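For reference, the structure is listed below as structure tokens.
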Amino acid sequence: MIQFKNRFSILDKMVLNSVQRDAVLYTGGPELVFAGAGTGKTRVLTAKIAYLIDSGIAPGHIFAATFTNKAAREMRSRVESLIGIPVNGLWIGTFHSLCARILRMEGRAISYDSAFTIYDSDDQLSLIKKVLKSLDIDDRSITARQAAGLISRYKNRCMTVEEVEKMAKGFYEQEISRIYKQYQKLLREQQAMDFDDLLSNTVFLFRHNSELLQRYQRLFKYVLVDEYQDTNTAQFLIIKELCALHGNIFAVGDDDQSIYGWRGAQIDNILYFENVFPNTRVFKLEQNYRSCRTILNFANAVIADNEKRTQKQLWTERNEGEAVQVCRYRDDRQEALAIAEKITNSVKGKIRGGDVAVLFRTNAQSRVFEEAFRRSRIPYILVGGISFYERAEIKDCLAYLRLLVNPRDDLSFDRIYNVPARGLGEKAREQLADYAKKSSLSMLQGLLNVDVAALGSRYQKGFSELKSIFELLIDLCNNGTPVEKILNEMLQLTGYLDILNKEKTEESLGRLENVNELLNAIAIWSRDNPDKKLSDFLEEVSLVSDIDSWEKKENAVNLMTLHCAKGLEFKHVYLVGLEDGIIPSKQNFDDESKIEEERRLLYVGITRAMEKLECSHVDQRWRFGVLLPGVPSRFLQSLPKSYFDYKDESISFGQINPSVEKKAAMRSKVSQQVQSPSEMPGYEDFSQETVEFRMGQYVRHKSYGRGRILSISGFGDDMKLTVLFNDGVRRKLMAKFANFEN
DNA sequence: GGCGTAAGACTTTTT
DNA sequence: GTCTTACGCC
């Protein structure tokens, strides 16, 4: 029995309302906290952990699952500042990272050793493509993507290969089950797990090793779960097993913010929580501290249209606030330009760029905004898109490092055996693969074992080069050489750096910079984590999300998807592209439960706003290079007009919204400080380059001479220019390295 | 076996 | 409009 004393010492440090306080203090078994948007969910969760530790439960006995690493990091540091001591042993992190930790220690029970590799979705897709080829399945009948989706669904429900095999009906399902079987076999052989495996393998591990399960049941005296509405079946099973003995589960969530159904999340987990955990005590946090009344009413009205939800109504003591605006624009370009202008006017007042967010349904929508912001010289941060660790050159580097930790990772071997090119192609690979298969070795193990001459004289040079590189790197690794030194050595030995250096195209310079950035990141990481190993670094890298590295910058406007925005708040929010087919997404038209999820997504977006909310839709939108017509989202159309002010801005040509302009002009006159963009504070935050290029512009390059810009593509750091030089050669340059002379 | 060009697909959201 | 893949030439 746990003794709870010092009841109030910790609580006194936190300002909690009475429901929050009751939720924190309750320790009588299963507990479910419905925490509406902005009702202080994180505060309660943090207080709960601090309270448990203060009551005598060692941090190492607490298991707390959050939705992002960022949330985990923040929560850990808040708990530490509350109780005043470090909580090193605390198990806090995403489900994926917590499971990875368990699997690294216990994987032997399911034939995985502690050095297994984590495959991201790209790797997963590559491996499935390989499987399709080996099973001779035409990728026009089943695409790798489809197979990946279905396999992921099986795994999310913790269905084993055998179970799927048994229930597969019809040709299609049987084919998928064949793919699943072969895919799992390859993963096992290569000692690799995909994201779903981290969860499902943990379930399988517990399922087949009751002693081990009991050990963890005793270890974790308290289980806390954030964002419970977004848990999938595998996560649910893990939780259920872990608290089967004591029932000490504390789940926090909001069914109205369940937006990951497409990833296997079961909203039923939260809705039927009380059926699964008997004698559950339910708390409902309904007082919202974030948004003003107009916004909250708007949000309540939108979500009220959903059938499948628990009854609740957010309320606030905050002021009425400005009316919610719904704007109609002519097309997405006008939408972006108009919003850029509105933001420009806002930042002339007391609003900073960092207080503002533009939220959209799909990543593709960010482009027009980037363009408009560049034009208006508004600093911005784009969250998501192609992440650093997905870039080809970074994945090459990581593949080398992965192989040093796990030599059985054939997928990584495939990636790099001829990178940089050393004359080894498909034929060469087959030679080595034959040998490896005969000797039951992985590709790299085979290479290290084989007499290279036996693989054919044509490939001897390439293979012996690769072999000696790895022999050297493995030596360094065994000597405990710092990771950045190993990577640096790899870059030198393989000639990767030389090739990039020689190439001198502006694109290669970009790649070079990325590689250097990786070296720096590793060096910093090693310094901060002196007792961690290369394998730890690789794991952290595999499990980072886009939002994990996001930091609010004072002056930079935030651009992100609605999914990314969950859990965040901004003074001003622009919800853009509210058209039927975008939100709700066309692909979810068929199913009412999916429509409800889309409505929740909109609800999540709305409830991010504190003071000002503008929703917008356009008549026409550029997609795939053509203009497509659009109608306002059904979610807007079903709303009584009393909840918002409607503005048709599609009719205004040229200068947009003169009334806003006039007001802003008046305000700046009063305050006597008109800021030109270049004097904007924190302008150095503006990573997006200050130089602007136009099509047709004449430029002079230090080595290529004079030329004319033919086309511009991409934005920010990725902006590329196609320039026709006077020597008649067309060259593609990275704008940020172009360094033109005047 | 490497490199360039052309056709095709593609956009939901992400640990 | 952009990215990936396939194919043909060197």
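Being a predicted model, the structure only gives us computed values, none of them experimental. In the text below, chain A, chain B and the rest are named by the order of the sequence lines, each starting its count at 1.
With sequence neighbours excluded, the residues that form a side chain to side chain contact (heavy atoms under 4.5 Å, CB included) with A:Asn306 are A:Ile303, A:Arg309, A:Glu596, A:Arg599, A:Arg600. For A:Ser464, the side chain to side chain contact (heavy atoms under 4.5 Å, CB included) test picks out A:Val452, with sequence neighbours left out. Annotation: side chain to side chain contact (heavy atoms under 4.5 Å, CB included) contacts of A:Gln620 (sequence neighbours excluded): A:Asp331, A:Leu627. Annotation: side chain to side chain contact (heavy atoms under 4.5 Å, CB included) contacts of A:Phe589 (sequence neighbours excluded): A:Asp580, A:Pro584, A:Lys586, A:Ile595, A:Arg634.
Between the P atom of B:dT13 and the NZ atom of A:Lys594 lies a distance of 15 Å, rounded to the nearest Å. We find that CD of A:Glu598 is positioned 13 Å from C1' of B:dT11, with the value rounded to whole Å. In this structure, A:Asp196 atom CG and B:dT14 atom P are separated by 16 Å, rounded to whole Å. If you measure from atom CD of A:Gln365 to atom P of C:dG1, you get 18 Å, rounded to the nearest angstrom. At whole-Å resolution of the value, CD in A:Glu426 and P in B:dG1 are 8 Å apart. In this entry the distance linking CZ of A:Arg367 with C1' of B:dC10 reads 14 Å, nearest Å. To the nearest angstrom, P of C:dT4 lies 12 Å from NZ of A:Lys395. Rounded to a whole Å, the CD atom of A:Glu540 is 15 Å from the P atom of B:dT15.
Among the atoms of the strands shown, none is found under 4.0 Å from any heavy atom of A:Ser97. If you check every strand for non-hydrogen atoms under 4.0 Å, A:Lys427 touches sugar and phosphate atoms only.
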I'd like a table of donor-acceptor pairs (distance under 3.5 Å, sequence neighbours excluded) in which one partner is a side-chain atom from residues 125-132 of chain A, with atom names and distances.
from, atom 1, to, atom 2, distance (Å)
A:Ser126, OG, A:Asp122, O, 2.9
A:Lys130, NZ, A:Asp414, OD2, 2.9

Check the interface with nucleotides 3-8 of chain B: list each N/O to N/O pair with the protein under 3.5 Å, or write none.
none

Short heteroatom pairs, N/O only, protein and nucleotides 5-7 of chain C, under 3.5 Å:
from, atom 1, to, atom 2, distance (Å)
C:dT5, OP1, A:Lys129, NZ, 3.1

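Out of B:dT11, B:dG1, B:dT14, the shortest distance to the side chain of A:Tyr459 is found at B:dG1. For A:Ser121, counting side-chain heavy atoms from C-beta on, the closest listed nucleotide (B:dT13, B:dC10, B:dT15) is B:dT15. For A:Tyr260, counting side-chain heavy atoms from C-beta on, the closest listed nucleotide (B:dG2, B:dT14, B:dT15) is B:dT14. Minimum atom distance to the side chain of A:Cys564 is reached by B:dT14, of the listed B:dT15, B:dT11, B:dT14. Listed nucleotides B:dT11, B:dT14, B:dT15 differ in distance to A:Ala364; the shortest reach to its side chain belongs to B:dT11. Residue A:Thr561 has its side chain nearest to B:dT13 when only B:dT11, B:dG1, B:dT13 are considered.
Among pairs with a residue in residues 259-268 of chain A, those fulfilling salt bridge (charged side-chain N to carboxylate O under 4.0 Å, His left out) read A:Asp268-A:Lys308, at least two apart in sequence or across chains. Every pair passing ring pair (Phe, Tyr, Trp, His ring centres under 6.0 Å) that includes a residue from residues 125-158 of chain A is listed here, sequence neighbours excluded: A:Tyr154-A:Tyr180.
Counting only heavy atoms from C-beta outward, the side chains of A:Thr231 and A:Tyr260 never approach each other to under 4.5 Å.
Between A:Asn588 and A:Arg458, the one whose closest nucleotide on DNA chain B sits nearer the 5' end is A:Arg458. Remark on DNA chain B: of its neighbouring residues A:Leu543 and A:Leu424, the 5'-side contact belongs to A:Leu424, judged by nearest-heavy-atom nucleotide.
For A:Phe624 and B:dC10, the ring-to-base geometry does not satisfy the stacking test (centroid distance below 5.5 Å, interplanar angle below 30°).
Under the 4.0 Å criterion applied to side-chain N and carboxylate O atoms, A:Asp194 and A:Lys155 are assigned as salt-bridge partners.
OP1 and OP2 of B:dT15 both lie 4.0 Å or more from every side-chain N or O belonging to A:Asn232. The shortest distance between the side-chain N/O atoms of A:Asn363 and the OP1/OP2 oxygens of B:dT11 is not below 4.0 Å. Taking side-chain N and O atoms only, A:Ser585 has no distance below 4.0 Å to OP1 or OP2 of B:dT11.
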Would A:Gln365 and A:Thr362 satisfy side-chain hydrogen bond (donor to acceptor under 3.5 Å, both in side chains), going step by step from the backbone distance to the final call?
CA-CA 6 Å; A:Gln365 287 167 262; A:Thr362 68; 3.1 Å; yes

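Ring geometry for A:Phe195 against A:His96 counts as perpendicular: the plane angle is over 60°, on a 0 to 90° scale with 30° as the lower cut.
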